[in-house]
Structure formats: structure tokens, C-alpha cells
Amino acid sequence: MKHTLPTRYDHRSVEAQKYETWLKHDLFRAQNTNKPPFCIVIPPPNVTGKLHLGHAWDTALQDIIARFKRMQGYDMLWLAGMDHAGIATQAKVEARLKEEGISKYDLGRQGFLDKAWEWKHTYADFIREQWATLGLSLDYSRERFTLDEGLSEAVKKVFVDLYNEGLIYQGERIINWDPQAQTALSNIEVIHKEVEGGMYHFRFKVVGSDEVLVVATTRPETMFGDVCVFVHPDDPRYTHLHGKTVVNPASKREMPILCDSYIDMSFGSGAMKCTPAHDPNDFNLAQTHHLDKVLCMNPDGTMNELAQKYVGLDRFDCRQALVAQLQEEGLVEKIEKHIHQVGHSERTDVIVEPYLSKQWFVKMKPMAEAVLKKQKEQGMNFVPERFEKTFIQWLENIEDWCISRQLWWGHRIPAYFHKESGDILVSLTPPQDSENYTQDEDVLDTWFSSALWPFSTLGWPDTSSSDLQRFFPNSVLVTGYDIIFFWVARMAFMSEHFMHELPFKDVLIHGLVRDAQGRKMSKSLGNGVDPMEVIETYGADALRFFLTTSSSPGQDLRYMEEKVEASWNFINKLWNASRFVLMNCPDDFKAEEALLSEASELDGWLLTKLETTIKSVTEAMEAYDFGLAGSTLVNFTWNDFCSWSIELAKVPLNGSDEKVKAVTLNTLVFTLKAILKMLHPFMPFVSEEIYAHLSDEISISVSEYPTSFLTSHVDVSRVDRLTSLISALRELRLSQNIKKANDLSIQLQDDQGRPYTLSEMEADILVKMVNSKEGEINPEGALTLPILSASVIVSMHEHMDVSEQVAKLEGLKAQLEKEMARSKAMLSNESFLAKAQPSKVEAEKAKASEYERQYETILAQLTALLTR
RNA sequence: GGACGCUUAGCUCAGUGGGAGAGCAUCUGCUUGACGUGCAGAGGGUCAGGGGUUCAAAUCCCUUAGCGUCCACCA
């Protein structure tokens, strides 16, 4: 199997064609075999555009889990899918139409939907291409779309069932209205931003007296919708005004002064104007006091006829004009700067108008309570744990969910109104006498269908679906903390309600990708990074490795190109190590596990480290701690495997003993294969490429994940001593400026001061790596240095710079003194000896004696040098 | 107003009860037959401040400060 790789890792050629091959061999399809099931459903990306770095991160994490579990022997289902993304997609399609000078009304509902589907197909293809470029092991045979036929049936059934159970209702309420998109929004689609506005204090003349009542507001234009002024019943300032009326300075209409203990006497003037149709609190007051609720705006955010001469004017233009008018009329007491939180639409970013409107709602309290109860009993395991709190607190304070949207792109609400009686019929199918009914024009919030994703994608409402039985609850959900409310919580209550189980065993939460300065990536800042461009430069493997190993769970991640480059460098290192191993494999070489039993000390040393690495990597992978798994793998590969074992192995590999050669090579190949397998979930392409040279298996992705293999303890102390010796001699050469050409003569003593002799192999290694060998010591210039559980005596000839060496030893001495002091303090502490774990005490004693030994050596050497 | 996170080497971040770590950057030496995208070394930190618990605290608790995020209807 003699192969040579190109000297430089070329991600482009390595990553080409592999994905197609994987798909051709159908490696990613869950098979429903007797293997244990493991299931992840992808958080469906919106069909609005290209995937960004956040998607790359989220999906790379899932792919790591999927590939890991597949290799561990699970029947892995990673279900592909996409979201129709109601408002977002409709806005994009509308914007494109606008460029062509077409309005959606020109096309009509069906014509517009045709355009939207065209859009969907284009972007779905685009997304699939990007998934392929990222190397994601998705099961496309089960790919779903939130608006496909099956999922639409699920949505309808959920709506009808919840309606019949009284958990969905239609109501006239203050909702968040987006005047640009002209649709209602749910509470969490409103982004509160700090805005500097004004607190306007207006004079309301009291009728029948020359008194004025000062009332403050932040939204003067809503005065056209005012119906009264409220004061606190116990407010002594206003007792004499009870029952009187005031003149609304905007509309000039008379309104009563009413009392309610809701009013905060200490806020502002203690008098509050009431606009029931434009403020939720005012609406509640109006309910209890049976007041009219009048809208003073149109759905597009312009003023209606109630605003009199301002009719048709935009709400904010009206505000400005009205304030100017009232200033002229002397009705403005004062205007203060006021910083407050103002709601903006998540999608259009316009200021949301609290607006009285008839909408559909989901009654949340009972469903949320059921989830909270279940979460307490047998909850989903949040990783990191703290996000469970976020989840719980939101559910504990939940309000009813406004689910109707005044859009066309989405699931149309299955409610039919009788044309004459107005009776409502909610049904899976249109009524028989459909000519007498009109269907509700609105569609459902896009999150309504996403909320069903963990079971609707598996075949629900067909409860006999084998996928549903096998893969629900899903094993793990991977998503960002930003959509815990939007999505995780909603999936939880829908699953609990319809499946009687919470949807996931584990919920892995990650952070957000930020730019190198720590800012959120956004279109307006123009600091977004296109994952496809990164892949072009560094390859998908390097990007994936960077994304998945550069942060700890739940923390945000800064995108830093240097780090992607570092990942690339690591892959190049792996590539070249593999190249070395392959170059040494003879044509007929076949790795044999049996040879491991004949492993040399050098082999045993590496295999012991490999064993430990397999254990800790597996543990980290199972805990979803990919940063730890990654750094463990880099350490082992770069330091233990490349820097030590390969360098050490060059001696036996260049030797004449064919048997030793074969065993050494076997160890290297065995280790390399294990490394590749452990790296495969992170870097599927390059691991596949290299593995193909080492194995006849169809793909590394269907190979077995490495497990514990050492059957007996291996004594690694000689190799540890050897590496310590090599390091000490390297350092000596550098600090003493001794060229490699000048050989060094050494002698060794063990930690008892007895002579210690190197084996033939060790001696050869020492010559090759540091040009040193055991031999006569020049008593005039001998230097004794401590190494790990031994000492080396070096014959120094004329090369030694005494003052340099003294300084070096003084430094070492100081360090050891510090450690010895610490150690001594601990060991002479009765409490420590009595209370600390016995193993800690033993470890400390061992350290103390090694320190002491090294200290003695240094002290003796220093004395010798100084008296020379 | 609540809740959460962060503060560790010049930069970006790990670590989380018993010897301060990595990558990048810096400095020194090296064309060693896998790799100069590399190799071998080195320097660099009162682990934000204060208090407490403990035999022992960068690590646990309290507190202060700074930065950040989320939630929240005060006109």
C-alpha cells in the first residue's frame, strides 16, 4: 500500500467530489436496523437567502454529533429540512416584485404564492449546495419543508384540536402591529430598543373652571384616541376634580376624569390619559370601566379621520405637527427628554404600534404549566445547564400567543365564517356548503409550524409512523440561545400537548458568532462573513474545526481569520504526518492489530497516550464539549504523535531489523487511524482522504469509533526519562550555543545515584536527535543536570559559558525552592495530612522528594561552578 | 426594575479547590531525509478590587467596579 501524498495539503482537491460519493453510497440515511436510534432534526433554515456563519456553526456541531454517533454504532437520523419563514420570505419576495414594479395586489393571492414558491425552490437548492459544501451528513430521504403537504396537515390538525379544546380563541385585543408589513406580531417578535424621545406635558383645561390638569405622554399623536383621564382615587391633589371633565387638547373634545388605583401617584403629574385602542394598560382600564375603544390610526400607520386635519398623515409627522400646534396654543407645559424602550419589528425594524385588533391567540397558561411540570419530573437536559432557567422563567411569565398574521405566505387558518350568520367553523376540511362561507384570510405565525417540527417531520399525525415511534423524542436539539423562546419553548409545549412527552432528551445551546471586535454580525455594519468564502480560502474542514473548537459551551464566538488559519495549519500538520507514515509503508504493508502485543517500549509509550486520549476525547464528545475534545486531539496529534513518536520512530524505521520496523510502523498506522477516526466528525473530508490510503473500508464515516484497547499496563518510565533527557540536552545546546556538529559526551544516573545505561535503541535515538552519546566525562568541565527521575552528567569541553550556566541554574534553583517551600508547608500541616485525600498526600510526597533530589543536584553543581 | 454572562500572558480564549495553560504575536537558534503553512528553545500573568469559607481559593460564597446580553406595559 505504498502511497505518497502531495507535500502540501490542498483543501480544494481533498474536498472535491467526496460529498457526492457519500450520497451515492447512501451513508447518511437512517436505516431502521436493530441499531439503537439517535435522532437530530435540523433547525430548519429560512428559505430567505444564503446561510451565514451562524448556520455553519450550528450545523457543524450537529454534524459532529451525527458522525460521532454513527461511528459509535447508532442508527443515526439527522433529518434535513427548511422553514417557509412567513414574514421574512414574504418581505423578500415583495421587495423583488417591487424592483420589477409589481405589487402583490397586482398578482393576487394565488399569483403571489406562485412567485413565493419559485423563490423557495431557488433558495432551497442554494441551501442544499451549501450544506454539501459544509459536508453535512444529512438524511435527505426524509427532508421536510414546513409548508409541505404533510406538515400542513399537522398544522391544521393542531389548530383544530386546540380550538376544540378551547386553547385557541379569537379575540379583540391590543396586539403589536407592524405598520410596514401590516401584520400583527407576537410579543417576542418585538425588539425593544432604547430610544431618546420626549415626555410631553400637556395642559388639559378643566371644564367649568380655569384650572388645568397637566397630563404627560410619550406619544402625543394617540391623544386623538383618548377617552378619559385617570387619577388615583386617593390623590389629594385631584379629589376636587372627581366627576369633572377636561378638554382633550388635541381633539378639543370633552372627556371625563375617572379614578383608578392602578395610577401611580408618584409618576409625573399623577394624571394619565387613557387611549384604550393603542395601549395595553389603557385597554385593561377601559375594560373595567366600560369605556369606548377607538382607533385613531389606519393599519399603515397613518392617522385616520379622528385626527381631524391630520388625517392621512404619518403617525410621527402628526406627532410633530400636533406638538407645534399645541405649543402655539399655549397648551404645552413642558417637554422633557425621555429615554425609554421602544418596540421595533424584528423583521422590518419599524416602530411597532400597539393596536386594537381581532386576532387568533393560543391560550398559554395551561400548556406552559404542563411543560413546567414535566420539565421538573423528567426534564430536558440543557447544556449548559443555566439555559434551563431562561426556558423556565419565560414559561412561568408567559402571555397568550398571537398566532394570526396578515400575510399570504404561510398556513392559512382553517376557520370559515358563515356569510350571513357570521358563525365560525373550524375544520380540517372546508365546509360542505362552502359557497356560504368565507375562509379566514390570515395565515399562522411561522413559528406555529416550527413548533411541531420534532414530531411533524417524523410523520405525525400518523401515530403509527415507524419513524415517529423510533425517533421521538429526538435525542438532542442543537440551537442558539437566541431562539429558546421562539422555538425551544414552543416545541416543548406542542410536544407535551400532542405527544405527551417533551421533544428532546438533550438541548445543546450555543452562542452567537461575532466579528473580531466582538460585534454582532449584521447587514447594516457590513461585517458579515460568508462561510462559502472562508471555505474557498481554507476549506470546510478548517472552518468547521475553528467553529466547533474555539469556544466553550454557551459562549459567543468571535470570528478570527488567524484561528481558521491555525486550524488549516493543524490539518496540514496531520497531512504531513500521514504522508510520513505512508511513505514508510512498503507496497505490501498491511496493518495488523496482533502486532501490537509485540510493541516496543517506544510503541507502548505512544499507545498508552493514545489510550488516555481515546478515553478523554470520547468523554468530552459525549458531554458535547467539543472544544475540549478538539484541543485534546490537537495536543496528542501534534505533540505526542508528531513531535515525539514520529521523531523517535525514525531510528527503528531506518534500522535494519525488519521485525522491529514492521511493529513500529504498525503502531504508527494504528495510532494514525485512531486519530483520523476521532478527527473525522470535525473534519470529514481530509480524514476520509487520508483514511482511504490506510483502509479498504468504504468510508471512514462507517468505521468504528476507537475504544479502549490496552489490555495491560505499560511501563513508560524509560521513555519519559528519554524525552526528558532529550529536552534537557536541547536546551543546554541552545543556551550554551553548542552547535549540533559538536557531539556531547554524557553519563546518566538514576534517582538513587546509581549508573543508568541506555538501551541500544535509546542510544541511537540520542545520537540522532541531539548528537550525544554515553562516554568519557572530562572531569574539568563536567556539568550535572537533573532530568525526570534521573540526572545527566555532560562533558562540556571548552564550550561552556559559566556565568550563563550559573544564571540558568540559579533560576531553576529559585523555582524549586518556591515549590519545595509550598510542598513542605503542606506536608508539615497536620490538618492537611489529616483531612486531605490520601492520594493527594501521596502525590505531594512524591513531588517533594523529586524536587529535593533535583534541588540537591543543582545545588552541588552550582557550588562546583562557583568554586571553579 | 429583574435575570444571566464575562473580567486570566500583548491579542483571542481554555482551565474551575492542592504545582498558572493553549493558539496567535514577540525573541533566540535551525535548509534534521513528513511538514519553514515547519522544527527546537525562551521571555511574558498580585488569574478585575475587597471580604469570607477552607488545612488549602484563579477555582466555592458575599461584595464592589467595569463590559456585555436577555427579559419587563409604568403614562
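Chain naming here is simple, since letters A, B, ... match the order of the sequence lines and numbering starts at 1 in each.
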Could you measure the distance from the OH atom of A:Y200 to the CD1 atom of A:I335? Nearest 0.5 Å is fine.
6.0 Å
Closest listed nucleotide, where the reference is the side chain of A:N281 and the choices are B:U69, B:A34, B:C73
B:C73
Measure the CD-NE2 distance between A:Q555 and A:H510 for me, rounded to the nearest 0.5 Å.
13.0 Å
Does A:E817, at its CD atom, have more than 12 non-hydrogen atoms belonging to other residues, nucleotides or ligands within less than 6.0 Å?
yes
I'd like a table of atom pairs between the protein and nucleotides 26-32 of chain B - only N or O on both sides, under 3.5 Å - with the distance next to each one.
none

Suppose we define a pair by two distances each less than 3.5 Å, Watson-Crick or G-U wobble; what does B:C6 pair with here?
B:G66
With a 4.0 Å cutoff (strictly under), does any side-chain N or O of A:K573 reach OP1 or OP2 of B:C39?
yes
Regarding A:R822 and A:E844, does a basic nitrogen lie under 4.0 Å from an acidic carboxylate oxygen?
yes
Return the pairing partner of B:A20 with a 3.5 Å limit on both distances, Watson-Crick or G-U wobble; otherwise return none.
none
N/O-N/O pairs, protein side and nucleotides 11-15 of chain B side, under 3.5 Å:
residue	atom	partner	partner atom	Å
B:U12	O2'	A:K563	NZ	3.2
B:C13	OP1	A:R558	NE	2.7
B:A14	OP1	A:S552	OG	2.7

Any A:W638 side-chain N or O less than 4.0 Å from OP1/OP2 of B:C39:
yes
Answer yes or no for A:K650 and A:F580: cation-pi contact, defined as NZ/CZ to six-membered ring centre under 6.0 Å and angle to ring axis within 45°.
yes
The residue among A:F546, A:F570, A:F545 that forms ring pair (Phe, Tyr, Trp, His ring centres under 6.0 Å) with A:F682 is A:F545
When you check the gap from the basic side-chain N to the acidic O, do A:E852 and A:K824 get nearer than 4.0 Å?
no
Write down the partner of B:G1 under the Watson-Crick or G-U wobble criteria, each distance required to be under 3.5 Å.
B:C71
Would you call A:E804-A:K808 a salt bridge at under 4.0 Å N-O?
no
Paired with B:A56: which nucleotide, if any, by Watson-Crick or G-U wobble criteria at under 3.5 Å for both distances?
none
Does A:F387 reach a base, just sugar-phosphate, or nothing at all? Heavy atoms under 4.0 Å.
nothing
Base partner of B:U31, which must satisfy Watson-Crick or wobble distances under 3.5 Å
none
Assess the side chains of A:Y855 and A:E819: does a donor N or O sit below 3.5 Å from an acceptor N or O?
no
Any side-chain N or O of A:N572 less than 4.0 Å from the OP1 or OP2 oxygen of B:G38?
no
Using a heavy-atom cut-off of 4.0 Å across all strands, would you classify A:I263 as base, sugar-phosphate, or nothing?
base
Hey, is the side chain of A:S727 poking within less than 4.0 Å of OP1 or OP2 on B:A40, counting only N and O atoms?
no
